[in-house]
Amino acid sequence: MASVPTIEGKRAAVGDADSPPATQRRVDLWTVAGRALPPVAIGVIVLVLWELLVRVKEIPYYILPGPLLIIGTLVKDWGTLYPSLLVTLAITGAALFVATVAGVLIAILFTQSRWVERSLFPYAVILQVTPVVAIAPLIIIWVKNIPIALLICAWIVAFFPIVSNTTLGLNSADHNLLNLFQLYGASRRQVFWYLRLPSAMPYFLGGLRISGGLALIGAVVAEFVAGTGGTQSGLAYRVLESGYTMQIPRMFAALFMITCTGIVIFLLLNGLSYLVLRKWHESAVKREG
Amino acid sequence: MIARLSRVDKVYGNGVVALRGLDLAVGEGEFLSLLGPSGCGKSTVLRLVAGLGEVSGGRIEWSGTKDGGRGDIGFVFQEPTLMPWATVRKNVLLPLKLRGVPPDEAGARVREAIEMVGLDGFEHAYPRELSGGMKMRVSIARALVTHPRLLLMDEPFASLDEITRFKLDNDLLTLWAKQRWTVVFVTHSVYESVYLSTRIAVMTARPGRTASEVTIDAPAPRDESFRTSPLYNEYCRNVSARLAEATRA
């Protein structure tokens, strides 16, 4: 992490009595290691206990496989699991992309007039609160193309946080700044590009972080419902299939991959949020202790 | 004469009468302070002058512009009101960017304005890296960058500590003596208004109107020695008495 240049040296020249607030501190390797150590230690301890439990109690692998067996299966079945990972990733990524574009456009539409927002917002809520498991079968019946059907399901789950957060953000521009823009005769377009959009950025990124995880969940749920086999099947189908055929270690391996995918999506979106906001937004700035 | 407010009323949508029959004239090159108790409508006067609201009665006349309009106005709000995502330079540039001033000219004017308020070297700092006083300087630079013929300031230093406020008072006076724009300055501090102004309009409690006016006939340039002079004390006593009377009435 790069530290923001400090202004201490120049302060005397301006002669203000009050001191400037937080400038970012360098976070060194040790701090990061120190922060990562406790969760990693817990993880290792749990895995060791799990492995011991399975061996000592001689639990059969089709009830509960040990972590070593799961890793072994992951390596052995990589040829089947990896293409499935790509399928799930493709659907998740596409759903998140469409949710972002459509979500931001819908939010912009909402902020153009109260009437539009009042007329359409309830339907966005209805889409959000209807369980995707319940409507996925319908969508799969209606839409012949399975990947598109899955994409629609994942999109329905993912788009609401982006719409609602971005709408809130676009409406949260500082009133004094709005006055200032009015004073200088800014056009609607200028107010939008130079004020509303940057104001909405932290809200949008917050929504995006939620939607990233939801897109994956939506994709997995839809795959479960669709339950299609063949080359086009994602990780959720591998979980189902392994369950039917009692290949429990493989089921765990696929589950493990889904979880890892979710974590990677979360970390990526967190990183994006940090990159965009680190210069100015409180959420990305370390507080001076 | 720059502007004249005649029998101005302002009634807000919720029925609050902020101003009733306010008369005020703003002369070319003067430093006019509006002094009054909290909630007397001082800020409302500035907003009306800036065109951020419509008068409910009476009128505001302008002179000295070709179209009879208000011309270029600079506004410094109570809070610095900076865009947190933009650097000092970009914040100061904003008014010029909104007007489509060509980049070369805009760049030169931004440099000049930043230098004027003593912030050179901080062009690329973000607002959160600056102290309260420095943020206020950015806000002043932004108001000056358009070379306004009228600068409106709404209790700009009210939220700063006293040492910073004195420093900014002095710097503002120095700038004003050099550039001679017209300033309308809203404050609730008798001491600040006497120190800065060439004329003070004392306002009544709500609904606000001007109760009396005092011309501060003290030599410029003023500096810290003026704060402790007998003349200053005399004016402060006089203005305090008028303010007390206006608040009672």
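Each chain gets a letter, A, B and so on, in the order its sequence line appears, and its residues count up from 1.
Between A/Gln190 and B/Leu98, the closest heavy-atom pair is NE2-O, 3.0 Å. The two residues A/Trp280 and B/Pro84 come nearest to each other via the heavy atoms CB-O, 2.8 Å. Contact between B/Met83 and A/Tyr194 at its shortest, heavy atoms only, is SD-O, 4.0 Å. Considering all non-hydrogen atoms of both residues, A/Asn179 and B/Leu52 come closest at O-CD2, 3.4 Å.
The part of B/Leu94 that comes within reach of chain A is its side chain, from C-beta onward, which places non-hydrogen atoms under 4.5 angstrom from that chain. Using a 4.5 Å cut-off between heavy atoms, A/Ser187 does not touch chain B at all. Proximity to chain A involves both the backbone and the side chain of B/Phe75, based on heavy atoms less than 4.5 angstrom apart. Heavy atoms of B/Arg142 lying under 4.5 Å from chain A belong to its backbone as well as its side chain. At a 4.5 Å heavy-atom cutoff, A/Leu277 makes no contact with chain B through either its backbone or its side chain. Neither the backbone nor the side chain of B/Thr87 comes within contact range of chain A; no heavy atoms are under 4.5 Å apart.
Atoms CZ and NE2, on B/Arg128 and A/His281 in that order, are 11.5 Å from each other to the nearest 0.5 Å. B/Ser139 contributes atom OG, which lies 8.0 Å from atom CG of A/Leu180 (distance to the nearest 0.5 angstrom). Within the model, atoms NZ of A/Lys279 and CH2 of B/Trp85 stand 16.0 Å from one another, a figure rounded to the nearest 0.5 Å. Rounded to the nearest 0.5 angstrom, B/Leu152 CG and A/Leu183 CG are separated by 8.0 Å.
Within 6.0 Å of CD on B/Glu54 lie no more than 12 heavy atoms contributed by other residues, nucleotides or ligands. Within 6.0 Å of atom CZ in A/Phe192, more than 12 heavy atoms from other residues, nucleotides or ligands are found, so the atom counts as buried in its surroundings. Within a 6.0 Å sphere centred on CZ of B/Arg149, other residues, nucleotides and ligands contribute more than 12 heavy atoms. For CZ of B/Arg227, the number of neighbouring non-hydrogen atoms (other residues, nucleotides, ligands) closer than 6.0 Å is greater than 12. For CZ of A/Phe121, the number of neighbouring non-hydrogen atoms (other residues, nucleotides, ligands) closer than 6.0 Å is greater than 12. Within 6.0 Å of CZ on A/Phe97 lie no more than 12 heavy atoms contributed by other residues, nucleotides or ligands. Shown here is B/Arg70, whose CZ atom has more than 12 heavy atoms of other residues, nucleotides or ligands within 6.0 Å.
Proximity of B/Arg99 to A/Tyr184: side-chain heavy atoms (C-beta onward) are separated by under 4.5 Å at one or more points.
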